[in-house]
Engineer: 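The structure that follows is given in the form of structure tokens.
So you know, we letter chains A, B, ... as the sequences are listed, proteins then strands, and number each from 1. Note that these values count all heavy atoms, side chains included, but never hydrogens, waters or copies made by symmetry.
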Protein chains: 2
Amino acid sequence: MRQPVTAADRVLLEIQRAIVEGDIAAGSKISEPELARRFDLSRAPLREALARLERCHLIERIPNAGARVVTLSTTGLLALYQLRENLEGLACKLAAEHMSDAEIAEVRSLLDQHLVSQRVREGESYYQEAGDLDFHYRVILGSKNSYLINILCDELYYLVRMYRVQLGMNGPRVSRAFDEHKAIINAIANRDGELADLLMRRHIAASRRNIEQQLEQMGT
Amino acid sequence: MRQPVTAADRVLLEIQRAIVEGDIAAGSKISEPELARRFDLSRAPLREALARLERCHLIERIPNAGARVVTLSTTGLLALYQLRENLEGLACKLAAEHMSDAEIAEVRSLLDQHLVSQRVREGESYYQEAGDLDFHYRVILGSKNSYLINILCDELYYLVRMYRVQLGMNGPRVSRAFDEHKAIINAIANRDGELADLLMRRHIAASRRNIEQQLEQMGT
DNA sequence: TACATTTAGATTGTCGACAATTTATTCCTA
DNA sequence: TAGGAATAAATTGTCGACAATCTAAATGTA
């Protein structure tokens with residue numbers, strides 16, 4: 001988003017964070033009067049924020065009956081990642097066509113930075129999380145397709161984060177992701193869209209399996 | 001959408017139709033007070049409707065500066081269809097996995113109906129338009145992926161229609177589309193997701209070329 | 001005349017209150 | 001006591017008015 005200028009923008013960011021990080025529990029009911037008091041504003045900008053939260057799939061609204069925070073489920077996660085694999089694959093293919101050499105160089109230096117800070121803070125998952133999202137973000141922007149960018153960065157991004165945060169993503173996959181990122185940007189640099197597509201799909205599929213495993217462990 | 005229950009729902013449908021059909025011109029500025037008077041309601045439900053219009057890419061809002069109806073452009077059309085090819089291709093692949101035999105039979109009888117009414121009303125583009133959208137709609141629902149359904153049916157659908165309506169889609173392609181639809185549902189019935197995916201991508205690519213041609217003619 | 005600054009107008013964002021609908025409680029009946 | 005109808009409370013949807021911001025006109029200056 002543009003940086004927050006209106007009151008609705010600000011409260012949106014706050015509630016988004018709260019939901020993603022589980023501060024407002026998944027599946028819980030949203031009370032407009034309560035939230036209005038809590039964030040000290042009227043219901044008008046709050047409702048504007050709720051409309052946008054619905055847009056990025058963090059809440060579900062029913063007319064005259066109110067809103068609930070989404071519930072996390074295995075089927076939901078699968079559906080989300082199924083879509084992500086495809087869309088980010090496409091983003092890679094388009095990025096291989098449309099990214100400038102300068103942009104590619106930027107992403108590469110970004111990866112190097114992340115590698116350093118990851119070595120410094122071994123096992124710390126937050127920075128990896130941020131680095132990973134940053135990489136994907138850049139590639140998506142590189143597609144230069146505004147609709148694709150909007151869907152991935154504005155509509156699905158936060159829900160993906162919600163799954164990752166609330167299921168506590170970390171573990172041994174963290175280090176391997178760097179190599180996969182490297183391979184992807186190399187394919188893009190070689191203008192090999194087909195390969196970049198394939199690698200990104202595999203990369204996300206691996207990430208999905210990682211989370212599925214986490215879910216299974218919680219189930220047992 | 002669920003059928004309209006609230007005032008915001010109703011005015012949304014009205015404005016949606018007006019924009020798609022060019023009744024409110026592409027690129028024109030949206031005046032909240034004016035629209036409120038025109039549809040005889042207050043600005044609160046109107047703004048709710050505007051938020052949803054932004055969601056389906058029919059208008060663009062800038063904070064404190066108002067909203068404009070989107071402008072149609074060749075690059076925009078290309079980006080939109082690029083995405084559609086991919087997403088509806090995916091929808092086909094998933095439909096081949098998830099559609100029940102009963103659902104497939106329904107779509108087939110639907111195609112037969114369309115064929116009849118198309119022969120009856122030769123050259124009439126409206127029914128073909130409706131039939132085409134209906135076919136795509138069914139297949140998308142057959143994917144059983146709620147995020148995919150949401151994106152295609154709620155967010156991109158209206159913009160696609162806007163391009164098709166305002167550029168006056170018809171011509172010789174109309175009849176060929178039936179055969180392509182038949183081939184796609186056959187692939188789905190055979191549970192051949194890969195083929196269904198391919199055929200749908202080609203089907204949409206052909207549709208895109210058709211519109212591009214139309215655009216070129218307008219340019220010259 | 002061209003340009004910048006100031007002022008006036010209009011538009012968007014926000015507020016508090018009321019109306020309509022839903023949900024929870026109470027009361028009645030079998 | 002259980003089930004359902006009627007009532008009460010709470011929540012969502014809508015309204016009109018005010019405040020903040022942007023746009024355009026008017027004024028002044030180089």
Engineer: Looking at B/Y158, is B/R161 sitting on its ring face, NZ or CZ under 6.0 Å from the six-membered ring centre and within 45 degrees of the normal?
Structural biologist: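 No, B/R161 does not sit over the ring of B/Y158.
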
Engineer: Ring-plane angle category for A/H181 and A/H203, please: parallel below 30°, perpendicular beyond 60°, tilted otherwise.
Structural biologist: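 The arrangement is perpendicular - the two ring planes meet at more than 60°.
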
Engineer: Under a 4.0 Å threshold between the charged nitrogen and the carboxylate oxygen, would B/R208 count as salt-bridged to B/E85?
Structural biologist: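 Yes, charged N to carboxylate O under 4.0 Å.
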
Engineer: Salt bridge (charged side-chain N to carboxylate O under 4.0 Å, His left out) between A/D112 and A/R108: does it pass, once the steps are laid out?
Structural biologist: CA-CA 6 Å; A/D112 291 338; A/R108 278 187 154 142; over 6 Å; no

Engineer: Using a strict 4.0 Å threshold on nitrogen-to-oxygen distance, state whether A/D9 and A/R52 make a salt bridge.
Structural biologist: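 Salt bridge: yes.
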
Engineer: Can you check each nucleotide of nucleotides 7-23 of chain D against protein heavy atoms at under 4.0 Å and return B for base, S for sugar-phosphate only, - for none, in 5' to 3' order?
Structural biologist: -----BBBB-----SSS

